[in-house]
Amino acid sequence: MSGNVLSAGQAAMVLFGTFVGLLIIRVPVAFALGLACVPILLIEPHLSLMTLAQETFNAYNSFILLAVPFFLLTANLMSIGGITDRLVALSRSMVGHWPGSLAQINVVLSVFFAGISGSSTADAASQSKIFIDAQTKEGYDLSFSIAITAVSAVLAVIIPPSILMIVWGGLISTSIAAMYLAGIVPGLLIAGAQMATVHIYAVRRGYPTYPKDTWREMCCAIWRSIPALMTPFIIVGGILLGWFTATESACVAVLYSVALSTFFYRETGARELYKALLDTGRLAGVALFCVGTASAFGWLLAYYRIPQELLANVSTWGMGAIGAGFFIAFCFLVVGCFLDAIPAIIIVGTVLEPLAKSVDLHPVQFAIISIVSLAFGLVTPPYGLCLMIACSIAGVRLRYALKDTVIMLIPMLLVLAALIIWPSVSLFLPRLIVPEMLK
Amino acid sequence: MTEISMPPNPSPWRRATAAYAKLLEILLATSVGMLVIPVTLQIISRYTPLIPSYIWTEEMARFMFIWTIMIGAMVGIRESQHFEVDIWPDLSRRSEAMVRILARLGVLALALVFVTAGIEFTRFAWNRTSELADLPLWLIHVAWPISGVTWIVFAGEQIVDEMRILFGANQ
Amino acid sequence: QSPITLNGAVQFNDDHAFNRALLRFEELVKKYYGKPVNFTLHRNSSLGLEKQYFEYMSQGKAVDYGIVSPAHMSTFAKAAPFIDAPFVFKGIDHMNKVVEANILAPIADEVASKAEVVLIGYSGGGIRNIFANKPLKTLADLRGLKVRVQGAPIWSKTFAAVGMSPTVIAYNEIYNAIQNGVIAAGENEAAGVEAMKFYEVAPHLNLTQHAVSIRPICFSVKTLKTLPKELQDAIMKAGKEAGDYGRQLESSEEVVKLDTLEKAGKLKRVPFEERDAMKKLADPVMATYAKEIGAEGIFEKINVV
Ligand code: NA
Ligand code: NA
């Protein structure tokens, strides 16, 4: 006896039914999530519309989420301050002579970028502006250009720093430092898988290749990028050494990129700064508003104990660690198609934790499997934020780039499978560097 | 995506809402910039004796953050930046207008909820002050009804514009 | 007509003293009321955190009863965190006497009138100590210690007066902040240390015994008003008894919990040698604070019990 008017099943039908119905008539996702809560709040005498205001407020009233605008601002400051240009030049001298050079540069830049920013949204927004136009001008297919920009953006939350790992560490007491180190190898493997995909595309479709840079040019590019390349060491090192908390590190990234742009590269003006702040506010506003309504949606799922009912019998299936790993990845991949990664962690992460514990899946490996799966959700329709951003900047509909995105996801899923099967893929680095944080 | 077209001779009403949108943009950029301040103070105060360890920095950062999100969500409706899932085939401009009106009606519905629930929510904070900085809490909660009203204005204008296309002369 | 159902919420898992105190409350209400009544207790923070339960109880929505730290009532009633402030109680017996003598009633009245939540019983009884990544035995050891304190000004003021360097860190960042050395310590009762796994990163539990926790069992006034009179009476009676049970449970389990953790090699208790000197430094701050919130009378009564 729950004392509620609706049973768990009825509530789930109302919530998901309204949500999907509203998505079909193209109500923005954030608003559809909020509106889906409304019928329940009206039907249930024990709840009221104010619950929606209260739960969105609770979601935003979080020091940890503050890292999101900081990472977005860092990305914007990097592009106006000349940091991104230096990193593009460096990527070009490294992989510019490979087939499909500009697309390879796109992936390598995302790796560098991932070491500085912890938000894939930021990567997708800033690199779509750089690459989609440039690639199509050089003869790359538009759908390929969108897809590679979007899938390479997911690296930002896998390679440290990472907003998802910060949120995870706050919710399920897991060492953020250990997760950061554990994300490096899987991130690089995924980047490698993407570069291999680009290579095959480029050879089959005859995408252009740049002439090889001389050693001199390469050294010059490295030299000019050194201050920018220091950023990951300052951020990740600052956390490992205990200089600041994970959220504060995102603020330090902002300060460092301001300092670099103004004192070192000397490329920021007041107008550009205003535009960077405004762009940050716009993207942070729409992305985080959605986290709030999704949290309210998730709160109602919890109120009716819907995730618990769905997963009630899982522990009796007798899965081993690998089976559970695949199951966890599957859950997050499915949830990631419909929800933003942060609310997905809040709603599903805590529900799956007992399963991971019962099969002795290492907490850090559990976190990495979940975060990589959720990162893939950033490019899976219907709600794949990075793919949506890339498509909207390119001015096309999401469907347009779908086929290439799916093709590119296949090798990435193989990497995910590898890190489920072999724990050391993720655990090797933290075991080497911070064994005391793995107990 | 951003398509805010002003007719050649905007009515005073349209001019007012455009000015309001501009004001929101300025507030948004300012609040993003200011977010850096309390967090920086928090880090500095932990390592140097230059400034005392202010207990309110964390709370201040959170409250400014809430306003930043809400203003960003208001601006997002004006500029149609909120993400949509698009499964429709390419439509004629009229059918497109039809779907857009439907979608904006959804926004309008949530806006009404935010106004009514938001007024109650603000009243709930009326006599309360924050834990650390002793700020009146309604100053934060009032962001809910304000965004509701703002959405009604912006989405309402968009509905009117799309109606013109739907029922207007063939172009 | 189907029987009345009441909804409760608790942050912790099934073994936690708060959860068990609330289960006892449910049992006692059923017994005293004698007619059918149902309870749904949402556990493991599934409906949010204590601060939010309190707001929901105040609205009379979603949550009808729960255990909430007085610190989370401060946005409604400034005096509430006083119940739980450092160095108010000399020890667990003193706290029990204060509760039994009903000295805290004026504060409970203020909460009831401003937040529309009644404090029907007083659970708690956990002794708060400082957990750190190193042993701390004397005041000199505490000097400059970067310690995370609760978000009420009285905590940072008293800890600063003792010579520590209180720091603001969000509750869900404590674990990682200690692990990485951003802060060196935090403070909590044994049940919290166990639930949040703080011992993994800060294995030294320094027995400063700087506070005894009181965790009121709260009930929404708006809900209460809609219930039949006999049920209301049963709730008030059961709340008081469940609170007494909870206090007794937590204080008796505290030692067992710490023994178990220590035996498993997860935690080490460190006797703190200068509690009196520590209290002396904090006393003037507490006196000023009591004056500020108009609780001097209560403070005096507490001190003479
Ligand atoms: Na990229
Ligand atoms: Na990153």
Where is the tightest heavy-atom contact between [X] and [Y], given as atom of each residue plus distance?
X        : Y        : value
A/Leu47  : C/Ala62  : CD2-CB, 3.7 Å
A/Ser48  : C/Lys61  : CB-CE, 3.6 Å
C/Asn7   : A/Tyr303 : ND2-OH, 3.9 Å
A/Arg305 : C/Thr40  : NH2-CG2, 3.3 Å
A/Thr245 : C/Ala177 : CG2-CB, 4.2 Å

Of the backbone (N, CA, C, O) and the side chain (C-beta and beyond), which part of [X] lies under 4.5 Å from a heavy atom of chain C, both, or neither?
X        : result
A/Glu44  : neither
A/Ile64  : side chain
A/Pro307 : neither
A/Thr174 : backbone

Exercise. Should the heavy atoms of other residues, nucleotides or ligands under 6.0 Å from CZ of A/Phe428 be counted, would the total exceed 12?
Worked result: no
For this session: Count the heavy atoms belonging to other residues, nucleotides or ligands that lie under 6.0 Å from NZ of C/Lys222, then report whether that count exceeds 12.
Result: yes
For this session: Return yes if some donor-acceptor pair links the side-chain N/O of A/Trp299 with the main-chain N/O of C/Leu47 below 3.5 Å, else return no.
Result: yes
Problem set entry | Portion of C/Phe198 that has a non-hydrogen atom of chain A nearer than 4.5 angstrom | neither
For this session: Flag the pair A/His46 / C/Thr5 as yes when at least one side-chain heavy-atom distance between them is below 4.5 Å, and no otherwise.
Result: no
Exercise. Side-chain contact, heavy-atom cut-off 4.5 Å: C/Gln52 with A/Asn58?
Worked result: yes
Exercise. Do A/Gln54 and C/Glu55 have side-chain N/O donor and acceptor atoms under 3.5 Å apart?
Worked result: yes
Exercise. Once you round to the nearest 0.5 Å, how far does OH of C/Tyr175 lie from CD1 of A/Ile176?
Worked result: 10.5 Å
